[in-house]
Colleague: 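Please read through the structure below; I'll follow up with questions.
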Number of protein chains: 2
Amino acid sequence: MGEGLQRILDHLRDCQYRLTPQRRLIVETLLDYSQDHLSAEDLYRIVKRRDPAIGLATVYRTLDLLASLAVLTKVNFGDGCSRFELSAAKRYHHHHHLICEACGVVQGFDEDLLGGLERTIERRTGFRVHDHEVKFYGICHQCRQAAEG
Amino acid sequence: MGEGLQRILDHLRDCQYRLTPQRRLIVETLLDYSQDHLSAEDLYRIVKRRDPAIGLATVYRTLDLLASLAVLTKVNFGDGCSRFELSAAKRYHHHHHLICEACGVVQGFDEDLLGGLERTIERRTGFRVHDHEVKFYGICHQCRQAAEG
DNA sequence: ATGGCTGCAAAAGCTTTGCAATACT
DNA sequence: AGTATTGCAAAGCTTTTGCAGCCAT
């Protein structure tokens, strides 16, 4: 079993939540697809292959639970549904997204874009910033080649 | 009549769209509330006070139209609906958002945070970036005072 | 036994669509 | 006349909720 999986399951237990087979399966699947940004529906379709009895509501409830424990982060790419990513992916606030307006692919991008800026903002606006999120919209390499070729 | 209003109406006409009373009312209202981030429902409630016959579908269709003409930009603050802002507010890519996690207020914020970065990203990832958007999550001044006071 | 969790189905939002009626050019 | 546009209602989607039954402690 992966170390990340064990850590998440321990965290669930520490917070007094039960480790049901459904929750375990959902967390495992999320880790299997850690590079993607799955929607609830995506995840449901995948876990249903392994446990046909699972219900969509359970998937939603588990995603909410994991988000409330900060295991997952909800992200919205404007395609009509919420998508989720492992919070581990954005440690240090250096995780951002490149969104291709042609094919819709979302690519993670890790770089300290705004280090030190949060304090400047607090001084100027009175907002105490906890987190930030940058989305870049453009055209990915492949779509550009397809358009030119 | 405001200059901004005239410019938008001209733009509509230039693109071969009709200037119906409903569209005119919606654009006027959007300009009146240019500081806010209205949802379709918000806007519907406001314009309905001036024209009780207007339909919600017309509001949605007009918002889509204005967004497709780049007059408006759709933004999502994770509250379950799309909100809109005048694109004029984010000329130069220097318009960002501060979102208070306590009271939900959204404050615009204009500063060149990422100038010059888009080329760096293109060199490193192959993405040609057209636009970007930064959201800062934190606690606003008032909520902090309320918590401390 | 108690309380958490599940699956189903229904309901709730937000948004889109089909269509007949209407208004504009 | 011809076509874009409207308003209504219905449908579509994602997400949430109520509830009876189930499972773990």
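Order of the sequence lines fixes the chain letters, A, B, ..., with proteins taken first and strands second; residue numbering starts at 1 for each chain. Small disclaimer: the values here were computed from a predicted structure and weren't measured.
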Colleague: Walk along nucleotides 19-24 of chain D from 5' to 3' and tag each nucleotide B, S or - by protein heavy-atom contact under 4.0 Å, base first, then sugar-phosphate.
Modeller: ------
Colleague: For B:Phe77, give me all partners under ring-ring contact (aromatic ring centres under 6.0 Å, His included), at least two apart in sequence or on another chain.
Modeller: B:His37, B:His97
Colleague: Within less than 4.0 Å of OP1 or OP2 of D:dT14, is there a side-chain N or O belonging to A:Ser82?
Modeller: no
Colleague: So, B:Glu85 versus B:His95: side-chain donor-acceptor pair below 3.5 Å or not?
Modeller: yes
Colleague: Using the side chain to side chain donor-acceptor pair (under 3.5 Å) rule, collect all pairs that involve residues 45-58 of chain B, keeping only residues at least two apart or in two chains.
Modeller: B:Asp42-B:Arg45, B:Tyr44-B:Lys48
Colleague: According to ring-ring contact (aromatic ring centres under 6.0 Å, His included), who are the partners of B:Phe136, at least two apart in sequence or on a separate chain?
Modeller: A:His132
Colleague: Could you list the residues that satisfy side chain to side chain donor-acceptor pair (under 3.5 Å) with A:Arg124, not counting sequence neighbours?
Modeller: B:Glu111
Colleague: Look at A:Tyr60 and D:dT16 and indicate whether a side-chain polar atom (N or O) is within less than 4.0 Å of OP1 or OP2.
Modeller: no
Colleague: Contact class for A:Leu56 vs. all strands (heavy atom < 4.0 Å): base, sugar-phosphate, or nothing?
Modeller: base
Colleague: From D:dT6, D:dT14, D:dC8, pick the nucleotide closest to the side chain of B:Ala57?
Modeller: D:dC8
Colleague: Can you give me the closest heavy-atom contact between A:Gly4 and A:Leu31, atom names plus distance?
Modeller: C-CD1, 4.1 Å
Colleague: With the threshold set at 4.0 Å, does a side-chain nitrogen-carboxylate oxygen contact exist between B:Glu122 and A:Arg144?
Modeller: yes
Colleague: With respect to B:Ile26, which candidate in B:Ile46, B:Val59, B:Leu65 satisfies the side-chain contact (heavy atoms from CB on, under 4.5 Å) definition?
Modeller: B:Val59
Colleague: Do the side-chain N or O atoms of B:Thr20 get closer than 4.0 angstrom to the phosphate oxygens (OP1, OP2) of D:dT5?
Modeller: no
Colleague: Extract, from 5' to 3' on DNA chain C, the first and final nucleotides lying under 4.0 angstrom from some heavy atom of chain B.
Modeller: C:dC14 to C:dC24
Colleague: For residues 65-72 of chain A, which residues have at least one heavy atom under 4.0 Å from DNA chain D?
Modeller: none
Colleague: Can you pull the salt bridge (Lys or Arg N to Asp or Glu O under 4.0 Å) pairs that have at least one residue in residues 67-82 of chain A, sequence neighbours excluded?
Modeller: A:Asp79-A:Arg83
Colleague: Contacts to DNA chain C from residues 41-53 of chain B, heavy-atom cutoff under 4.0 Å, which residues?
Modeller: none
Colleague: With a cut-off of 3.5 Å and sequence neighbours excluded, list every side-chain donor-acceptor pair involving residues 9-21 of chain A.
Modeller:
{"unit_1": "A:Asp10", "atom_1": "OD1", "unit_2": "A:Gln6", "atom_2": "NE2", "d": "3.0"}
{"unit_1": "A:Asp10", "atom_1": "OD1", "unit_2": "A:Arg13", "atom_2": "NH2", "d": "2.7"}
{"unit_1": "A:Thr20", "atom_1": "OG1", "unit_2": "A:Arg23", "atom_2": "N", "d": "3.1"}

Colleague: Only counting residues at least two apart or in another chain, list the ones meeting side chain to side chain contact (heavy atoms under 4.5 Å, CB included) with A:Asn76.
Modeller: B:Asn76
Colleague: Only counting residues at least two apart or in another chain, list the ones meeting side chain to side chain donor-acceptor pair (under 3.5 Å) with A:Tyr60.
Modeller: none
Colleague: Distance check needed: D:dT25 P versus A:Tyr17 OH, whole Å only.
Modeller: 17 Å
Colleague: Should A:Gln107 and B:Thr125 be marked as a side-chain contact (heavy atoms from CB on, under 4.5 Å) after you check the CA-CA gap, both sets of side-chain angles, and the distance that decides it?
Modeller: CA-CA 9 Å; A:Gln107 185 178 322; B:Thr125 67; 4.0 Å; yes
